[in-house]
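Note sheet for the following structure.
Here, residue 1 is the first one in the sequence, and each next residue gets the next number. On a predicted model such as this, the values are computed, not experimentally measured, just so you know. Because only heavy atoms are used, hydrogens play no part in the values below, and waters and symmetry mates are left out as well, while side chains stay in.
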Amino acid sequence: MKTKTILYAALGLMTTVGLTACSESFLDTSSKTEMNSTSFYKTQTQAEYALTGCYDGYQRTVSNGSWPTLFQAVETMSDDCLGGGGPDDRTDRLMDRFDMSYNSSDVSFMNGIWEDYYKGIYRCNQLISSLPGITFNSQTTKDEVEGQAKALRALEYFDLVRLFENVPLLTTATNDIVPQAKPDSVYAQIVSDLQDAVKLIPASSFADKSTNLGRITKYAAEGMLARVYLFYDGVYNNNEGKEMPGKLTKAQALSYCEDIISSGNYSLESDFKNLWPAACTEATTTAEGRKTTYDEASNEILWVVKFNNDQNWTNSLIDGNKFIINFGLRNVTAYAPYGNGWGACPITPYAKGLYLSDDSRYSASIIDCRQIGAYKTQISTDCMDYTGYVNKKYCPLIFKDGTSMPASETTVDGGNMQTNQDQNWILMRYSDVLLMAAELGSPNAMKYFNMVRERAYGNTSHDLTAAPTKAQIWQERRLEFMGEGIRYFDLRRQGLDAFVKAELGQATTNGTAGGTAITVYNNRTQTTIASTYKDENIRQKRGFLQIPNDQITRSGNVYKQNQGW
C-alpha cells in the first residue's frame, strides 16, 4: 500500500491485530494486552480475540473518524441527495458534482477511508493465514472464525472495488507495494471468500440476535453474494445475466436469496419506522429519558455494524458512529428528537416527491423542516445546497433541551454529540433480499415484491397482479432504501447513461436534465444549482472515485489515477 516505514500508520499496530485498540466495540469483548504475531495466534481464545479485531477493523472505517465515510460519500454521490454542509465543506460539492474545481487542492480526500479499509484487510489476512497453526476446541469453531474473517475481507474489498475500481489485492498480511489488480481479480476473490463463508458458517450459528447482533451469518454472506452479482452484472455485463468472475451465476445468486427466504430466520419488521431511531423516538426531556419503539435486533436485519456510546475525546475507545453527525440539522437544536449536525446530504425535492401520500416509508425516511418549523431558521444560516429535507433514518437524536441522547446516556466522562453516536449501520435487510430475488427472476417475484409494498402501504391496494419489471423493482428499491447508502450503487448498475442522466437531473423538479431547476439556499442566498452538474465531469469518471494522491506518491507511482480525476 505504502512504503514500509509508513504503511498502515505503523505496522506494529497491525501486527498486534489491533487488539490494544479494539476496545469494547464488538459483543462487549474487552481490550487485550500487547502481543505480537509470534506469540499470538496459538489458541482458540486468541483467535476469537483476533476475530474481534477484524470486526473492529470494519467498524473503524466509520468510528475512526476518517472523512468521508463510505456511507456519506455514496449518499452524497447519489441522485437522492445534494452535497450540503457549510460554505467550507467544499469537498461535499466536489463529490456531489464529480468536479474537482470545487476544491482543487483536495487531491487525497479519500485517503483516510482507503487506509482504514486496508488496515481492516490486514487484520483479516493476518488471522486467516494464521489459522493452520491455531489449536481449536472443535472444527465448527474454527470454521466459524474462518468464515467470518473471510466474509469481512470480502465486504472490505467489495466496498473498495466499487468505490475505486482499481485497487491493490492483498490476501496475505504484507506491507509490500503491489500494483492495482484488475477488477475481475478482486471480484473473483470476493466471490471466493463469501462462498467459503457460506460453506464454513453453520446455518444455526449466531441465530440469536439478542447475544449475537453484529455477527456474520451464513445467510448474511449469501445475501452479499447476490448483491455482488447484481452490481457486477449491471456495471460490467449490461444486466445480461452472465456469469461473473469467481464463476458466480445468476441462478446461484438467486438460490442464495431463496435459501435466506426459506430459512424462516427473517421477516419484515411490521412497522417500518421501528427500524430507525429518529423515526420512532419521542421528543422527551432528559429526566424522562428515551422513549422509543426502535427494534435494534429486528428479524429484518441480516447484516449490521454495531456502535456504542462509550467514547470521548481522550480515551482509547473508538466505537461511535462518526458518520451520523454529518446528517444532523445544521445550526439548530430546538427540534427534538431530531438532533443537530453538519447538514450534509440534503434530500432533493424530486426524491422526496416520489413517495405516495399513503406510503409509510416517507415519514420514516425524510424530515421535512418546513413541517417541524426549522426551515425559516435554517435558511438564515450558512447551510449549503439547502432543500429543507433531511435524512431521518440516520439523524442524531436530542432531548428537548438540545442535549444529545446518546451523550447524555453514556457512562464515560466527557460524552458529547460527536463521539457518542451509537446508532447501528444496517448493511442489509430482508426486504433487500426479497427485491433481489424478484430482480434475479424468482418464480415468486410478484409475491416478494408485494410483500414489500404491503408493509409500506399497510394493505394490498398497491399490489401488482403480474411479475414486476426491472424498472418497477429499481423504483421500489429507491423508495425502500432511500437514505441507506444503497441508491448510488443501484443507480450505477443501471448503466452509465442512466447514471449520468440521473446525476444531471437531481437539482431539477422532475429529476431530468431538462427539468425546471429547483431553488436551494446557499449561505443565506436563494439560488439554483442545476447548471453546476456537468455531463463531462460525471461521465468521464464512470461513477468511480479519485485514487488518493497520497497513496500514488507513497507507492512511487506504482498506483495509477482513475480516469477523469
Check: [X]/[Y] side-chain N/O donor and acceptor closer than 3.5 Å:
X: D319; Y: Q311; answer: no
X: E439; Y: W474; answer: yes
X: N562; Y: N166; answer: yes
X: T553; Y: D550; answer: no
X: N326; Y: Y394; answer: no
X: S66; Y: D116; answer: yes
X: D80; Y: S78; answer: no
X: S205; Y: E144; answer: yes

State which residues pass salt bridge (Lys or Arg N to Asp or Glu O under 4.0 Å) with R93; sequence neighbours excluded, sorted by chain then number.
-> none
Assess whether salt bridge (charged side-chain N to carboxylate O under 4.0 Å, His left out) is satisfied between E240 and K250, documenting all intermediate values.
-> CA-CA 10 Å; E240 294 177 2; K250 181 177 181 180; over 6 Å; no
Pairwise side-chain contact, [X] with [Y], heavy-atom cut-off 4.5 Å (strictly under):
X: T76; Y: Y488; value: no
X: L427; Y: L155; value: yes
X: L152; Y: Y55; value: yes
X: L82; Y: Y386; value: no
X: D79; Y: R478; value: yes

Answer yes or no for [X] and [Y]: cation-pi contact, defined as NZ/CZ to six-membered ring centre under 6.0 Å and angle to ring axis within 45°.
X: R227; Y: Y229; value: no
X: R153; Y: Y122; value: no
X: R162; Y: F489; value: yes
X: R97; Y: Y102; value: yes

For [X] against [Y], the heavy-atom pair lying closest together:
X: L127; Y: C54; result: CD2-SG, 4.0 Å
X: E503; Y: L491; result: OE2-CD2, 4.0 Å
X: T387; Y: P346; result: OG1-CB, 3.6 Å
X: D56; Y: R60; result: OD2-NE, 2.6 Å

Are Q148 and R215 close enough, and set up right, to give a side-chain hydrogen bond (donor to acceptor under 3.5 Å, both in side chains), and what steps lead you there?
-> CA-CA 8 Å; Q148 291 170 86; R215 287 281 191 187; 2.9 Å; yes
Verify side-chain hydrogen bond (donor to acceptor under 3.5 Å, both in side chains) between T419 and N312, making sure each step is shown before the conclusion.
-> CA-CA 6 Å; T419 63; N312 60 31; over 6 Å; no
If the threshold is 4.0 Å, N to carboxylate O, is there a salt bridge linking [X] and [Y]?
X: R330; Y: D382; value: yes
X: K142; Y: E146; value: no
X: K534; Y: E536; value: no

Please report the C-alpha distance between Q421 and N309 in whole Å, then the side-chain angles of each, then the deciding distance to 0.1 Å, and finally whether the side-chain hydrogen bond (donor to acceptor under 3.5 Å, both in side chains) criterion is met.
-> CA-CA 6 Å; Q421 299 298 331; N309 65 8; over 6 Å; no
When you measure from the side chain of T61 to the backbone N and O of G57, does any donor-acceptor pair fall under 3.5 Å?
-> no
Do you know which of Y389, F71, W276 makes ring-ring contact (aromatic ring centres under 6.0 Å, His included) with F327?
-> F71
Take M436 and M428, measure what side chain to side chain contact (heavy atoms under 4.5 Å, CB included) needs, and give me the verdict at the end.
-> CA-CA 11 Å; M436 286 193 294; M428 184 173 290; 4.2 Å; yes
From the list N391, D96, I486, side-chain contact (heavy atoms from CB on, under 4.5 Å) partner of E75 resolves to N391
Side chain to side chain contact (heavy atoms under 4.5 Å, CB included) assessment of T532 paired with D99 = CA-CA 9 Å; T532 65; D99 187 350; over 6 Å; no
Yes or no on side chain to side chain contact (heavy atoms under 4.5 Å, CB included) for I190 and V161, after CA distance, side-chain angles and deciding distance?
-> CA-CA 10 Å; I190 293 167; V161 76; 4.0 Å; yes
Residue that, paired with D490, satisfies side chain to side chain donor-acceptor pair (under 3.5 Å) out of R487, Q494, R493 | R493
Please walk me through it: do F164 and W114 pass ring-ring contact (aromatic ring centres under 6.0 Å, His included)?
-> CA-CA 9 Å; F164 300 103; W114 178 286; 5.1 Å; yes
Greater than 12 external heavy atoms within 6.0 Å of K470's NZ = yes
For atom NZ of K501, is the number of surrounding heavy atoms from other residues, nucleotides or ligands below 6.0 Å larger than 12?
-> no
Let me see the working for F323 and W67 under ring-ring contact (aromatic ring centres under 6.0 Å, His included), right down to the final yes or no.
-> CA-CA 8 Å; F323 73 65; W67 183 94; over 10 Å; no
In chain order, what residues pass the side chain to side chain donor-acceptor pair (under 3.5 Å) check against S431, with sequence neighbours excluded?
-> E300, R429, E480
Which residues pass the side chain to side chain donor-acceptor pair (under 3.5 Å) test with D184, sequence neighbours left out?
-> Y232
Would you call the rings of F98 and W565 parallel, tilted or perpendicular if under 30° counts as parallel and over 60° as perpendicular?
-> tilted
Test log, rule side chain to side chain contact (heavy atoms under 4.5 Å, CB included), inputs D432 and R477 = CA-CA 8 Å; D432 199 349; R477 289 181 63 84; 2.7 Å; yes
